[in-house]
There are 2 protein chains.
Amino acid sequence: MNVITEQKQRQRAPSKRSLETRMRIFDAAEQIFAAHGFDAATIRDIAALAGVQGALVHHHGGSKEALFAAVVARRAAALSGARTAALTALQAKGDVTLRGVICCFTHPFLDRVLGGDPGWMAYGRLIAYVSADDRWRAIASQHFDPTAKVFLAAFAQVLPGASQARLAAALVYMVSGMLSLCASRWRIDDLSGQGDDTEDLVQMFTDFSEAGFRRAVQG
Amino acid sequence: MNVITEQKQRQRAPSKRSLETRMRIFDAAEQIFAAHGFDAATIRDIAALAGVQGALVHHHGGSKEALFAAVVARRAAALSGARTAALTALQAKGDVTLRGVICCFTHPFLDRVLGGDPGWMAYGRLIAYVSADDRWRAIASQHFDPTAKVFLAAFAQVLPGASQARLAAALVYMVSGMLSLCASRWRIDDLSGQGDDTEDLVQMFTDFSEAGFRRAVQG
DNA sequence: GTCTATAATGAGATAGAC
DNA sequence: GTCTATCTCATTATAGAC
């Protein structure tokens, strides 16, 4: 008996059909979690939207919590990669400014989430939930803290003399604004009494963050 | 038969004991809703914390949603009053500056929520939930929009020429930062790798907001 | 991998005694 | 006003046929 053939726990590679089903389930979970939050979302809703039976959701996603974590993780790697790549490119050009570092952090997120793709739009609301709730602290730490620390180092370079605490606080304020720009545009519309232009909002959010960052880290 | 004696639906004034029980239930609901969010919170948890039976929670609070709305409403009036009073006092002095208007909006909230009172601390997290979730849009509109519009008018005075859309967006960014300062201090601590000083955080948040506001509303 | 059927649990809400 | 007991419903998760 050949041991090699048994060394992998999974005997066969997943079929193409299986992978497609899994993606449908993850996409559906992303939409439902984003629309209702973790607790109000039900496996039944997710299964119905994916067009499968509830048992299949458990088969592919495990428990409800594991499914939630998997949905968050799925796009987190792509996002972190885009952010650090942009920062690396900026540093390679030798043209590192505060605004440049800010844009390397915000644009990979805003471009995707405001770009109209339903998956990324849902992901934006999902991240707003994750960031706001202490309960998902572990998920937030795992997926976002490493990148955040890389950017804190970059911010420290362009804003020498600023304390870690102030840089961290400014970054958190900026992120909360970025998330509210994606998840709470209805509030902006309600208060301004009119629709708004996405490009203008992004532009002024960047202005807001840059000026705030620069002012806040001063002693 | 005297019609007068029946014109009120509630025949007797609530007893002192009843009012105390009601307050205990509302306080417990405030804590549980803040700790777990609306859906993960249960009437049973609230009843247990208040030291009463579940049926009594329904008696005083009505449905779960009505109880949630009542808990939010309870402190909202006091907060709005403090904000508009501070603004009125500032205007009476004739010393209206951007930073002054910002402080009239943020300090009544931050003083209470960061002041150590458990009820107000819970309320801060609760408002973070309400502001982030489309589901509570009606509650947010009812309790916060009127005050927000008063302040938008004041911001327009100290920042003439700014569009309503930009002022509204800047206010939303500021509010989201204020809420994350209360609800997500653990993120700041995690990223900075150290504890932080509350006064310093408030100071630099105000700096951040003032500079952001001023810069963002420029064309 | 996919499905049906169901187990096991816990939820919000209410009726009615006191 | 308060409590006990219970109703009704929806949930996650799993067992086992195909």
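No experiment lies behind these values; they were computed from the predicted model shown. Each chain gets a letter, A, B and so on, in the order the sequences are listed, and its residues count up from 1.
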Between the protein and nucleotides 16-18 of chain D, which nitrogen or oxygen pairs come in under 3.5 angstrom?
none

Please identify each residue that fulfils side-chain contact (heavy atoms from CB on, under 4.5 Å) with [X], with sequence neighbours left out.
| X | value |
| --- | --- |
| B:Ala40 | A:Asp39, A:Arg135, B:His36 |
| B:Cys182 | B:Phe109, B:Leu110, B:Val113, B:Leu114 |
| B:Ala86 | B:Cys104 |
| A:Leu56 | A:Thr21, A:Ile25, A:Val52, A:His59, A:His60 |

Take the protein atom CZ of A:Phe33 and the nucleotide atom C1' of D:dT12, then report the distance between them rounded to whole Å.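 For the pair A:Phe33 CZ and D:dT12 C1', the rounded distance is 12 Å.
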Using whole Å, what does the distance between atom C1' of nucleotide C:dC3 and atom CD of A:Gln53 come to?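 Rounded to the whole Å, the gap is 6 Å.
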Any side-chain hydrogen bond (donor to acceptor under 3.5 Å, both in side chains) involving residues 65-78 of chain A? Give me the pairs, sequence neighbours left out, ordered by first then second residue.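 Sorted result for residues 65-78 of chain A: A:Asp27-A:Arg74, A:Glu30-A:Arg74, A:Glu30-A:Arg75.
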Taking only residues at least two apart or on different chains, which pairs with a member in residues 144-153 of chain B satisfy side-chain hydrogen bond (donor to acceptor under 3.5 Å, both in side chains)?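 Output for this query lists A:Arg187-B:Asp145, B:Ser80-B:Thr147.
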Nucleotide by nucleotide, 5' to 3', does protein get under 4.0 Å of the base (B), only the sugar-phosphate (S), or neither (-) in nucleotides 8-13 of chain C, counting heavy atoms? ---BBB
B:Asp190 side chain reached by A:Arg137 side chain, heavy atoms, under 4.5 Å: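 With C-beta onward as the side chain, the pair touches.
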Taking only side-chain N and O atoms of A:Ser15, does any of them lie within less than 4.0 angstrom of OP1 or OP2 on C:dG1?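 Result: no.
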Sort and list the pairs that fulfil ring-ring contact (aromatic ring centres under 6.0 Å, His included) and have at least one residue in residues 175-200 of chain A, not counting sequence neighbours.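 Passing the test, one end in residues 175-200 of chain A: no pairs.
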